[in-house]
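All of these numbers come straight from a predicted model, not from anything done at the bench.
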Amino acid sequence: MFAEIKGLNEECGVFAVFGHKDAAQITYYGLHSLQHRGQEGAGIVVSDGEKLSAHKGLGLVNDVFNPDILAGLHGKAAIGHVRYATAGGGGYANVQPLFFNSQKGGLAIAHNGNLVNANHLKHQLEAQGSIFQSTSDTEVLAHLIKRSGNFSLEDQMKNALSSLKGAYAFAVLNERQLMVALDPNGLRPLSIGRLGDAYVVASETCAFDIVGATFEREVLPGELLIIDDTGMRSERFVSPGNRAICSMEYVYFARPDSNVDHINVHTARKSLGKQLAIESPIEADVVTGVPDSSISAAIGYAEQAGIPYELGMIKNRYVGRTFIQPSQELREQGVKMKLSPVRGVVEGKRVVMIDDSIVRGTTSRRIVNMLREAGAVEVHVRISSPPIKNPCFYGIDTSTTEELIASSHSIEEMREMMGADSLAFLSTDGLKVGIGRSEAMHNCGQCLACFTGEYPTEIYADTLHPHAKL
(Lines give C-alpha, C1' and ligand atoms only; values in the text may rest on other atoms or scores of the structure.)
Protein backbone atom coordinates (compact mmCIF):
# COMPACT_ATOMS: atom_id res chain seq x y z
CA MET A 1 0.00 0.00 0.00
CA PHE A 2 1.45 3.32 -1.06
CA ALA A 3 0.40 4.93 2.21
CA GLU A 4 3.38 3.26 3.83
CA ILE A 5 5.80 5.07 1.55
CA LYS A 6 4.08 8.38 2.14
CA GLY A 7 4.34 8.06 5.91
CA LEU A 8 0.75 9.00 6.69
CA ASN A 9 -1.70 6.41 7.94
CA GLU A 10 -5.22 6.40 9.30
CA GLU A 11 -6.20 4.42 12.33
CA CYS A 12 -8.77 1.93 11.04
CA GLY A 13 -12.08 1.09 9.46
CA VAL A 14 -15.28 -0.20 11.09
CA PHE A 15 -18.04 -2.26 9.51
CA ALA A 16 -21.13 -3.86 11.07
CA VAL A 17 -24.34 -5.59 10.03
CA PHE A 18 -27.47 -6.58 11.96
CA GLY A 19 -30.30 -8.78 10.70
CA HIS A 20 -28.68 -10.70 7.84
CA LYS A 21 -28.27 -14.49 7.78
CA ASP A 22 -24.82 -14.13 6.16
CA ALA A 23 -23.55 -11.44 8.53
CA ALA A 24 -19.96 -12.68 8.64
CA GLN A 25 -19.66 -12.94 4.86
CA ILE A 26 -21.18 -9.48 4.36
CA THR A 27 -18.76 -8.08 6.91
CA TYR A 28 -15.84 -9.75 5.13
CA TYR A 29 -16.69 -7.95 1.89
CA GLY A 30 -17.28 -4.72 3.78
CA LEU A 31 -13.83 -4.94 5.34
CA HIS A 32 -12.33 -5.56 1.91
CA SER A 33 -13.70 -2.22 0.74
CA LEU A 34 -12.18 -0.52 3.81
CA GLN A 35 -8.76 -2.20 3.50
CA HIS A 36 -7.13 1.15 2.63
CA ARG A 37 -7.88 2.34 6.16
CA GLY A 38 -5.74 -0.33 7.81
CA GLN A 39 -3.55 -3.19 6.66
CA GLU A 40 -1.97 -4.53 9.85
CA GLY A 41 -4.82 -6.56 11.27
CA ALA A 42 -8.43 -7.58 10.72
CA GLY A 43 -11.17 -9.23 12.74
CA ILE A 44 -14.84 -10.18 12.82
CA VAL A 45 -17.10 -10.96 15.79
CA VAL A 46 -20.51 -12.49 15.04
CA SER A 47 -23.62 -13.12 17.18
CA ASP A 48 -26.14 -15.92 16.66
CA GLY A 49 -28.46 -14.44 19.28
CA GLU A 50 -27.11 -16.58 22.11
CA LYS A 51 -23.33 -16.34 21.95
CA LEU A 52 -20.54 -14.40 20.27
CA SER A 53 -17.89 -16.00 18.07
CA ALA A 54 -14.70 -14.27 16.95
CA HIS A 55 -11.82 -14.58 14.55
CA LYS A 56 -9.03 -12.07 14.06
CA GLY A 57 -5.41 -11.97 13.01
CA LEU A 58 -2.48 -9.94 11.76
CA GLY A 59 -2.34 -9.06 8.07
CA LEU A 60 -4.72 -8.15 5.29
CA VAL A 61 -8.34 -9.29 5.24
CA ASN A 62 -7.45 -12.00 2.72
CA ASP A 63 -4.63 -13.19 4.98
CA VAL A 64 -6.84 -13.46 8.04
CA PHE A 65 -10.00 -15.05 6.57
CA ASN A 66 -10.76 -17.92 4.21
CA PRO A 67 -14.06 -19.64 3.26
CA ASP A 68 -13.76 -22.25 6.01
CA ILE A 69 -13.23 -19.66 8.71
CA LEU A 70 -16.15 -17.56 7.49
CA ALA A 71 -18.39 -20.64 7.29
CA GLY A 72 -17.71 -21.22 10.98
CA LEU A 73 -18.88 -17.75 11.99
CA HIS A 74 -22.63 -18.26 12.31
CA GLY A 75 -25.07 -15.49 13.12
CA LYS A 76 -27.19 -12.63 11.83
CA ALA A 77 -25.19 -9.80 13.44
CA ALA A 78 -21.49 -9.01 13.13
CA ILE A 79 -18.94 -6.25 13.58
CA GLY A 80 -15.61 -6.09 11.78
CA HIS A 81 -12.45 -4.02 11.86
CA VAL A 82 -9.32 -3.30 9.85
CA ARG A 83 -6.48 -1.72 11.78
CA TYR A 84 -3.43 0.41 11.26
CA ALA A 85 -1.49 0.39 14.51
CA THR A 86 -1.09 3.85 16.02
CA ALA A 87 -2.92 3.84 19.35
CA GLY A 88 -1.11 1.45 21.66
CA GLY A 89 1.08 -0.01 18.94
CA GLY A 90 0.69 -3.24 17.00
CA GLY A 91 0.49 -6.88 17.98
CA TYR A 92 -2.25 -9.49 18.03
CA ALA A 93 -3.68 -8.33 21.38
CA ASN A 94 -4.55 -4.96 19.86
CA VAL A 95 -6.25 -6.34 16.73
CA GLN A 96 -9.96 -5.52 16.86
CA PRO A 97 -12.77 -6.10 17.48
CA LEU A 98 -11.77 -6.48 21.12
CA PHE A 99 -13.77 -9.32 22.69
CA PHE A 100 -14.72 -9.63 26.36
CA ASN A 101 -16.61 -12.28 28.33
CA SER A 102 -18.41 -11.78 31.64
CA GLN A 103 -21.11 -13.50 33.69
CA LYS A 104 -23.69 -11.41 31.84
CA GLY A 105 -22.46 -12.42 28.40
CA GLY A 106 -20.05 -11.30 25.73
CA LEU A 107 -19.16 -7.87 24.44
CA ALA A 108 -17.20 -6.89 21.33
CA ILE A 109 -15.95 -3.41 20.41
CA ALA A 110 -14.63 -1.96 17.15
CA HIS A 111 -13.29 1.59 17.14
CA ASN A 112 -12.07 4.12 14.61
CA GLY A 113 -10.31 7.15 16.06
CA ASN A 114 -8.24 8.00 19.10
CA LEU A 115 -9.12 8.91 22.69
CA VAL A 116 -7.08 11.87 23.90
CA ASN A 117 -7.88 11.12 27.54
CA ALA A 118 -7.14 7.37 27.30
CA ASN A 119 -4.07 7.49 29.54
CA HIS A 120 -5.89 9.65 32.07
CA LEU A 121 -8.79 7.19 32.22
CA LYS A 122 -6.49 4.16 32.33
CA HIS A 123 -4.72 5.53 35.42
CA GLN A 124 -8.10 6.02 37.12
CA LEU A 125 -9.38 2.58 36.16
CA GLU A 126 -6.20 0.79 37.21
CA ALA A 127 -6.35 2.56 40.57
CA GLN A 128 -9.85 1.08 40.94
CA GLY A 129 -8.63 -2.45 40.15
CA SER A 130 -8.96 -2.75 36.38
CA ILE A 131 -6.42 -4.91 34.55
CA PHE A 132 -5.93 -4.17 30.87
CA GLN A 133 -5.35 -7.00 28.41
CA SER A 134 -4.13 -4.78 25.56
CA THR A 135 -2.41 -1.42 25.11
CA SER A 136 -5.23 -0.16 22.86
CA ASP A 137 -7.19 2.89 23.97
CA THR A 138 -10.34 1.07 22.79
CA GLU A 139 -10.27 -1.22 25.82
CA VAL A 140 -11.00 1.79 28.03
CA LEU A 141 -14.62 1.76 26.84
CA ALA A 142 -15.14 -1.87 27.91
CA HIS A 143 -13.91 -1.13 31.45
CA LEU A 144 -16.07 2.00 31.69
CA ILE A 145 -19.13 0.04 30.54
CA LYS A 146 -18.64 -2.65 33.19
CA ARG A 147 -18.11 -0.03 35.90
CA SER A 148 -21.28 1.90 35.01
CA GLY A 149 -23.48 -0.11 37.38
CA ASN A 150 -26.28 -2.65 37.00
CA PHE A 151 -28.09 -0.78 34.27
CA SER A 152 -29.05 -1.83 30.78
CA LEU A 153 -26.24 -1.94 28.23
CA GLU A 154 -27.79 1.14 26.65
CA ASP A 155 -27.47 3.12 29.89
CA GLN A 156 -23.99 1.73 30.51
CA MET A 157 -22.95 2.87 27.04
CA LYS A 158 -24.30 6.37 27.59
CA ASN A 159 -22.48 6.70 30.92
CA ALA A 160 -19.24 5.34 29.52
CA LEU A 161 -19.27 7.39 26.31
CA SER A 162 -19.86 10.60 28.25
CA SER A 163 -16.42 10.13 29.87
CA LEU A 164 -14.51 9.91 26.58
CA LYS A 165 -12.68 12.76 24.87
CA GLY A 166 -11.33 12.75 21.35
CA ALA A 167 -12.31 11.07 18.10
CA TYR A 168 -14.34 7.89 18.13
CA ALA A 169 -16.69 5.95 15.91
CA PHE A 170 -17.73 2.83 17.84
CA ALA A 171 -19.56 -0.35 16.92
CA VAL A 172 -20.40 -2.45 19.99
CA LEU A 173 -22.01 -5.89 19.80
CA ASN A 174 -23.48 -8.21 22.39
CA GLU A 175 -25.64 -11.29 21.88
CA ARG A 176 -28.80 -9.32 21.07
CA GLN A 177 -27.88 -5.74 20.19
CA LEU A 178 -25.65 -3.67 17.95
CA MET A 179 -24.82 -0.21 19.25
CA VAL A 180 -23.18 2.53 17.21
CA ALA A 181 -21.82 5.82 18.54
CA LEU A 182 -20.02 8.89 17.17
CA ASP A 183 -18.05 11.47 19.17
CA PRO A 184 -19.69 14.88 19.85
CA ASN A 185 -17.59 16.65 17.19
CA GLY A 186 -18.06 14.00 14.52
CA LEU A 187 -14.33 13.83 13.83
CA ARG A 188 -14.53 10.48 12.04
CA PRO A 189 -17.01 9.45 9.32
CA LEU A 190 -19.69 6.84 10.07
CA SER A 191 -22.79 5.99 8.07
CA ILE A 192 -25.89 3.78 8.24
CA GLY A 193 -27.24 1.78 5.30
CA ARG A 194 -29.87 -0.86 4.58
CA LEU A 195 -29.44 -4.24 2.91
CA GLY A 196 -32.95 -5.57 2.53
CA ASP A 197 -34.27 -5.74 6.08
CA ALA A 198 -30.77 -5.64 7.58
CA TYR A 199 -28.93 -2.59 8.91
CA VAL A 200 -25.36 -1.93 7.82
CA VAL A 201 -22.80 0.42 9.40
CA ALA A 202 -19.55 1.51 7.79
CA SER A 203 -16.76 4.02 8.15
CA GLU A 204 -17.17 4.85 4.45
CA THR A 205 -20.11 4.66 2.09
CA CYS A 206 -18.03 2.80 -0.53
CA ALA A 207 -18.59 -0.31 1.62
CA PHE A 208 -22.34 -0.07 1.00
CA ASP A 209 -21.78 -0.23 -2.76
CA ILE A 210 -19.60 -3.33 -2.40
CA VAL A 211 -22.16 -5.30 -0.37
CA GLY A 212 -25.21 -4.00 -2.25
CA ALA A 213 -26.58 -1.84 0.57
CA THR A 214 -28.25 1.55 0.15
CA PHE A 215 -27.14 4.61 2.07
CA GLU A 216 -29.62 5.80 4.69
CA ARG A 217 -27.87 8.59 6.61
CA GLU A 218 -24.81 9.68 8.52
CA VAL A 219 -24.51 8.89 12.21
CA LEU A 220 -24.83 12.24 13.98
CA PRO A 221 -22.25 13.68 16.39
CA GLY A 222 -23.07 12.65 19.97
CA GLU A 223 -25.59 10.05 18.78
CA LEU A 224 -26.02 6.49 20.06
CA LEU A 225 -27.93 4.12 17.80
CA ILE A 226 -29.39 0.93 19.26
CA ILE A 227 -30.21 -1.78 16.70
CA ASP A 228 -31.98 -4.99 17.68
CA ASP A 229 -34.84 -7.23 16.54
CA THR A 230 -37.34 -4.40 17.06
CA GLY A 231 -35.52 -2.07 14.68
CA MET A 232 -33.28 0.96 15.19
CA ARG A 233 -33.70 3.82 17.60
CA SER A 234 -31.65 6.91 18.26
CA GLU A 235 -30.52 8.27 21.62
CA ARG A 236 -28.26 11.10 22.70
CA PHE A 237 -25.42 10.40 25.14
CA VAL A 238 -24.20 14.00 24.98
CA SER A 239 -25.15 17.22 23.23
CA PRO A 240 -23.36 17.64 19.90
CA GLY A 241 -20.38 19.97 19.86
CA ASN A 242 -19.09 22.04 16.98
CA ARG A 243 -18.73 19.81 13.93
CA ALA A 244 -15.08 19.09 13.18
CA ILE A 245 -14.90 16.29 10.62
CA CYS A 246 -11.31 15.43 9.70
CA SER A 247 -10.16 17.38 6.62
CA MET A 248 -7.71 14.61 5.72
CA GLU A 249 -10.62 12.26 5.02
CA TYR A 250 -11.30 14.40 1.95
CA VAL A 251 -7.65 15.08 1.14
CA TYR A 252 -6.21 11.58 1.49
CA PHE A 253 -7.81 8.85 3.58
CA ALA A 254 -11.25 8.12 2.16
CA ARG A 255 -11.77 6.26 -1.10
CA PRO A 256 -12.72 8.48 -4.07
CA ASP A 257 -16.05 6.66 -4.47
CA SER A 258 -17.08 7.40 -0.88
CA ASN A 259 -19.28 10.27 0.23
CA VAL A 260 -18.19 11.86 3.49
CA ASP A 261 -20.94 13.90 5.13
CA HIS A 262 -22.77 14.03 1.77
CA ILE A 263 -19.73 15.27 -0.22
CA ASN A 264 -18.19 12.95 -2.81
CA VAL A 265 -14.48 12.50 -2.13
CA HIS A 266 -13.38 12.44 -5.79
CA THR A 267 -15.34 15.62 -6.50
CA ALA A 268 -13.82 17.33 -3.46
CA ARG A 269 -10.28 16.32 -4.44
CA LYS A 270 -10.78 17.49 -8.01
CA SER A 271 -12.05 20.81 -6.68
CA LEU A 272 -8.98 21.05 -4.40
CA GLY A 273 -6.80 20.63 -7.48
CA LYS A 274 -8.67 23.38 -9.29
CA GLN A 275 -8.30 25.70 -6.32
CA LEU A 276 -4.60 24.88 -6.17
CA ALA A 277 -4.20 25.84 -9.85
CA ILE A 278 -5.93 29.17 -9.16
CA GLU A 279 -3.67 29.91 -6.19
CA SER A 280 -0.37 28.55 -7.56
CA PRO A 281 -0.23 28.49 -11.37
CA ILE A 282 2.96 27.59 -13.23
CA GLU A 283 3.98 27.28 -16.87
CA ALA A 284 4.45 23.60 -17.67
CA ASP A 285 3.91 20.95 -20.32
CA VAL A 286 2.24 18.19 -18.36
CA VAL A 287 0.48 17.57 -15.03
CA THR A 288 0.74 14.23 -13.22
CA GLY A 289 -0.39 12.95 -9.84
CA VAL A 290 1.17 10.62 -7.28
CA PRO A 291 -0.95 7.43 -7.32
CA ASP A 292 -3.52 6.88 -6.04
CA SER A 293 -4.96 9.55 -3.75
CA SER A 294 -3.56 12.52 -5.72
CA ILE A 295 -4.97 11.57 -9.13
CA SER A 296 -8.28 13.40 -8.62
CA ALA A 297 -6.52 16.60 -7.55
CA ALA A 298 -4.12 16.34 -10.50
CA ILE A 299 -7.05 16.06 -12.92
CA GLY A 300 -8.61 19.15 -11.35
CA TYR A 301 -5.35 21.11 -11.51
CA ALA A 302 -4.82 20.21 -15.18
CA GLU A 303 -8.39 21.09 -16.10
CA GLN A 304 -8.19 24.49 -14.40
CA ALA A 305 -4.70 25.28 -15.70
CA GLY A 306 -5.33 24.13 -19.26
CA ILE A 307 -2.29 21.82 -19.13
CA PRO A 308 -2.64 18.20 -20.29
CA TYR A 309 -2.99 15.59 -17.55
CA GLU A 310 -0.88 12.52 -18.17
CA LEU A 311 -0.15 9.30 -16.33
CA GLY A 312 3.41 10.24 -15.46
CA MET A 313 3.84 7.68 -12.66
CA ILE A 314 2.75 4.06 -12.38
CA LYS A 315 2.08 2.27 -9.11
CA ASN A 316 3.16 -1.37 -8.99
CA ARG A 317 0.30 -3.17 -7.27
CA TYR A 318 2.16 -6.46 -6.86
CA VAL A 319 4.91 -5.36 -4.49
CA GLY A 320 4.49 -6.57 -0.92
CA ARG A 321 3.39 -3.85 1.47
CA THR A 322 6.05 -4.81 4.06
CA PHE A 323 9.11 -4.19 1.87
CA ILE A 324 11.53 -2.83 4.46
CA GLN A 325 15.29 -2.74 4.03
CA PRO A 326 17.91 -1.51 6.51
CA SER A 327 20.08 0.68 4.29
CA GLN A 328 19.15 4.01 2.70
CA GLU A 329 20.19 2.70 -0.71
CA LEU A 330 17.87 -0.28 -0.47
CA ARG A 331 15.03 1.88 0.86
CA GLU A 332 15.40 4.05 -2.24
CA GLN A 333 15.19 0.91 -4.37
CA GLY A 334 12.05 -0.10 -2.51
CA VAL A 335 10.35 3.14 -3.53
CA LYS A 336 11.33 2.54 -7.16
CA MET A 337 9.78 -0.94 -6.96
CA LYS A 338 6.48 0.54 -5.81
CA LEU A 339 6.40 3.60 -8.05
CA SER A 340 7.84 4.11 -11.52
CA PRO A 341 7.96 7.21 -13.75
CA VAL A 342 6.72 6.92 -17.34
CA ARG A 343 9.73 8.13 -19.32
CA GLY A 344 7.73 8.60 -22.51
CA VAL A 345 5.44 11.05 -20.72
CA VAL A 346 7.91 13.13 -18.68
CA GLU A 347 11.11 13.08 -20.75
CA GLY A 348 12.00 16.55 -22.00
CA LYS A 349 8.92 18.03 -20.27
CA ARG A 350 8.23 20.62 -17.61
CA VAL A 351 6.25 18.53 -15.13
CA VAL A 352 3.79 19.61 -12.45
CA MET A 353 3.72 16.87 -9.81
CA ILE A 354 0.57 16.95 -7.70
CA ASP A 355 0.57 15.31 -4.29
CA ASP A 356 -2.05 15.48 -1.54
CA SER A 357 0.27 16.16 1.41
CA ILE A 358 3.84 16.24 2.66
CA VAL A 359 4.54 14.69 6.05
CA ARG A 360 8.24 13.92 6.44
CA GLY A 361 9.30 14.97 2.96
CA THR A 362 11.44 11.94 2.12
CA THR A 363 9.01 10.42 -0.36
CA SER A 364 8.56 13.70 -2.23
CA ARG A 365 12.33 14.02 -2.63
CA ARG A 366 12.57 10.48 -4.01
CA ILE A 367 9.76 11.06 -6.50
CA VAL A 368 11.27 14.33 -7.72
CA ASN A 369 14.58 12.51 -8.24
CA MET A 370 12.85 9.72 -10.16
CA LEU A 371 11.13 12.18 -12.47
CA ARG A 372 14.43 13.94 -13.16
CA GLU A 373 16.16 10.61 -13.83
CA ALA A 374 13.37 9.86 -16.33
CA GLY A 375 14.23 13.04 -18.24
CA ALA A 376 11.95 15.74 -16.78
CA VAL A 377 13.62 19.11 -17.41
CA GLU A 378 11.65 20.84 -14.64
CA VAL A 379 9.66 19.43 -11.71
CA HIS A 380 7.18 21.74 -10.00
CA VAL A 381 5.55 20.29 -6.88
CA ARG A 382 2.04 21.34 -5.93
CA ILE A 383 0.34 20.06 -2.76
CA SER A 384 -3.47 19.97 -2.57
CA SER A 385 -3.54 20.69 1.17
CA PRO A 386 -1.85 23.21 3.49
CA PRO A 387 1.48 22.37 5.19
CA ILE A 388 1.03 19.83 7.99
CA LYS A 389 2.72 21.60 10.90
CA ASN A 390 0.99 20.11 13.93
CA PRO A 391 0.57 16.56 15.25
CA CYS A 392 -2.76 14.76 15.10
CA PHE A 393 -4.13 13.17 18.28
CA TYR A 394 -7.34 11.86 16.71
CA GLY A 395 -6.21 8.71 14.91
CA ILE A 396 -3.48 9.64 12.42
CA ASP A 397 0.06 8.46 13.09
CA THR A 398 1.67 11.91 13.44
CA SER A 399 1.69 12.41 17.20
CA THR A 400 4.96 14.39 17.44
CA THR A 401 5.91 17.69 15.87
CA GLU A 402 9.41 16.38 15.15
CA GLU A 403 7.99 14.02 12.52
CA LEU A 404 6.60 16.89 10.43
CA ILE A 405 8.99 18.64 8.06
CA ALA A 406 6.72 21.70 7.68
CA SER A 407 6.86 22.37 11.43
CA SER A 408 10.55 23.30 11.30
CA HIS A 409 11.25 24.28 7.67
CA SER A 410 10.05 27.05 5.39
CA ILE A 411 8.52 26.25 2.02
CA GLU A 412 11.75 27.37 0.34
CA GLU A 413 13.80 25.10 2.60
CA MET A 414 11.51 22.19 1.79
CA ARG A 415 11.80 22.94 -1.92
CA GLU A 416 15.58 22.83 -1.71
CA MET A 417 15.53 19.59 0.29
CA MET A 418 13.36 17.80 -2.26
CA GLY A 419 15.17 19.31 -5.27
CA ALA A 420 12.05 20.76 -6.93
CA ASP A 421 12.06 23.78 -9.20
CA SER A 422 9.12 25.21 -7.26
CA LEU A 423 6.87 24.18 -4.40
CA ALA A 424 3.46 25.48 -3.34
CA PHE A 425 0.73 24.36 -0.96
CA LEU A 426 -2.99 25.02 -0.97
CA SER A 427 -4.10 27.66 1.53
CA THR A 428 -6.37 26.82 4.45
CA ASP A 429 -9.13 28.98 2.98
CA GLY A 430 -8.60 27.26 -0.36
CA LEU A 431 -8.97 23.89 1.35
CA LYS A 432 -12.33 24.86 2.80
CA VAL A 433 -13.53 26.27 -0.52
CA GLY A 434 -12.31 23.20 -2.41
CA ILE A 435 -13.94 20.66 -0.12
CA GLY A 436 -17.18 22.61 -0.30
CA ARG A 437 -18.28 22.56 3.31
CA SER A 438 -19.83 25.98 2.84
CA GLU A 439 -21.28 28.12 5.59
CA ALA A 440 -24.70 27.36 4.12
CA MET A 441 -24.38 23.77 5.32
CA HIS A 442 -25.73 23.00 8.77
CA ASN A 443 -22.92 22.72 11.34
CA CYS A 444 -20.40 22.41 8.53
CA GLY A 445 -17.14 22.70 10.44
CA GLN A 446 -14.08 20.56 9.78
CA CYS A 447 -10.97 19.81 11.79
CA LEU A 448 -7.96 21.83 10.58
CA ALA A 449 -5.75 21.13 13.59
CA CYS A 450 -2.87 19.56 11.67
CA PHE A 451 -2.64 22.75 9.60
CA THR A 452 -3.56 25.45 12.14
CA GLY A 453 -2.82 23.95 15.56
CA GLU A 454 -6.38 24.72 16.70
CA TYR A 455 -7.71 21.48 18.18
CA PRO A 456 -11.47 20.95 18.54
CA THR A 457 -11.10 19.14 21.90
CA GLU A 458 -8.96 19.47 24.98
CA ILE A 459 -5.59 17.74 24.55
CA TYR A 460 -4.43 16.08 27.76
CA ALA A 461 -0.89 16.61 29.05
CA ASP A 462 0.13 12.94 28.73
CA THR A 463 -1.03 13.02 25.11
CA LEU A 464 1.37 15.88 24.41
CA HIS A 465 4.46 13.96 25.59
CA PRO A 466 6.95 14.08 22.72
CA HIS A 467 7.08 10.28 22.54
CA ALA A 468 3.40 9.64 23.22
CA LYS A 469 1.68 7.30 20.76
CA LEU A 470 -1.86 7.03 22.06
Side-chain angles (χ1 to χ4, degrees), residues 5-8 246-248 250-252 268-269 271-290 293-298 300-302 304-305 307 312-313 335 339 346 349-372 376-392 396-435 446-455:
I5 307 175
K6 293 172 66 63
L8 192 64
C246 174
S247 295
M248 292 304 291
Y250 297 101
V251 171
Y252 176 67
R269 288 177 185 164
S271 181
L272 290 173
K274 290 183 176 182
Q275 191 66 29
L276 181 60
I278 293 170
E279 293 185 2
S280 302
I282 192 71
E283 290 189 8
D285 303 307
V286 64
V287 175
T288 191
V290 178
S293 56
S294 305
I295 299 301
S296 300
Y301 189 100
Q304 179 67 38
I307 303 171
M313 285 174 279
V335 174
L339 194 66
V346 304
K349 303 289 181 59
R350 299 170 296 175
V351 178
V352 181
M353 184 194 91
I354 307 295
D355 206 352
D356 51 70
S357 57
I358 292 179
V359 182
R360 298 167 182 89
T362 54
T363 298
S364 298
R365 175 177 56 79
R366 293 167 187 165
I367 295 173
V368 169
N369 288 340
M370 283 194 297
L371 290 171
R372 291 202 188 280
V377 295
E378 295 178 10
V379 180
H380 301 276
V381 178
R382 295 293 182 268
I383 307 300
S384 59
S385 65
I388 298 176
K389 297 182 177 181
N390 306 280
C392 176
I396 303 174
D397 67 337
T398 56
S399 62
T400 64
T401 304
E402 290 78 9
E403 297 175 83
L404 308 172
I405 187 173
S407 68
S408 56
H409 295 81
S410 68
I411 292 178
E412 176 59 21
E413 287 172 336
M414 286 188 281
R415 183 200 67 77
E416 290 181 358
M417 292 172 68
M418 69 179 62
D421 291 282
S422 69
L423 170 65
F425 292 81
L426 187 63
S427 68
T428 303
D429 287 341
L431 179 80
K432 292 188 284 187
V433 170
I435 290 174
Q446 60 198 74
C447 181
L448 302 166
C450 57
F451 312 123
T452 66
E454 298 176 6
Y455 295 92

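V287 has its side chain within reach of I354: a pair of non-hydrogen atoms, C-beta onward, lies under 4.5 Å apart. The closest side-chain heavy-atom distance from Q275 to Y301 is not below 4.5 Å. With contacts defined as side-chain heavy-atom distances shorter than 4.5 Å, the pair E279/S427 qualifies. Side chains of N390 and Y455 form a contact here, defined as non-hydrogen atoms less than 4.5 Å apart. For the pair T428/L448, a side-chain contact is recorded, criterion being any heavy-atom separation below 4.5 Å from C-beta on. With contacts defined as side-chain heavy-atom distances shorter than 4.5 Å, the pair P386/L431 qualifies. Counting heavy atoms from C-beta outward, R372 and V379 have side chains that approach closer than 4.5 Å. Side-chain atoms of Q446 and I435, non-hydrogen and from C-beta on, do get closer than 4.5 Å to each other.
Smallest separation of non-hydrogen atoms from M353 and V290: CG-CG2, 4.1 Å. The two residues M418 and V381 come nearest to each other via the heavy atoms SD-CG2, 4.0 Å. For V251 against S385, the heavy-atom pair with the smallest separation is CG1-CB, 3.9 Å.
Applying the side-chain contact (heavy atoms from CB on, under 4.5 Å) test between F425 and each of S357, P387, S384 identifies P387 as the sole match.
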Note to self: Using side-chain contact (heavy atoms from CB on, under 4.5 Å), reason through Q304 and I278 one step at a time and then give a plain yes or no.
What the structure shows: CA-CA 7 Å; Q304 179 67 38; I278 293 170; 3.8 Å; yes
Margin query: D429 vs K432, test: side-chain contact (heavy atoms from CB on, under 4.5 Å). Steps then yes/no.
Written below: CA-CA 5 Å; D429 287 341; K432 292 188 284 187; 3.7 Å; yes
Note to self: Applying side-chain contact (heavy atoms from CB on, under 4.5 Å) to M417 and H409, what does each step give before you reach the verdict?
What the structure shows: CA-CA 10 Å; M417 292 172 68; H409 295 81; 3.5 Å; yes
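Remark: T362 OG1 to I405 CD1 distance equals 8.5 Å, nearest 0.5 Å. The CD1 atom of I282 sits 8.5 Å away from atom CG of D421, with the distance rounded to the nearest 0.5 Å. Annotation: the span from D355 atom CG to I367 atom CD1 amounts to 6.0 Å, rounded to 0.5 Å. One finds the CZ atom of R415 at 14.0 Å from the OG atom of S364 (value rounded to the nearest 0.5 Å). A distance of 3.5 Å separates CG of D356 from OG of S293, quoted to the nearest 0.5 Å. Here S422 contributes atom OG and R350 contributes atom CZ; the two are 11.5 Å apart, rounded to the nearest 0.5 Å.
By the 6.0 Å contact criterion, CD on E283 is open, its count of non-hydrogen atoms from other residues, nucleotides or ligands being 12 or less.
For S280 (side chain) and A277 (main-chain N/O), no donor-acceptor pair under 3.5 Å exists by modelled atom type.
Judged purely by distance below 3.5 Å, without hydrogens or angles, the side chains of S294 and R269 never pair a donor atom with an acceptor atom.
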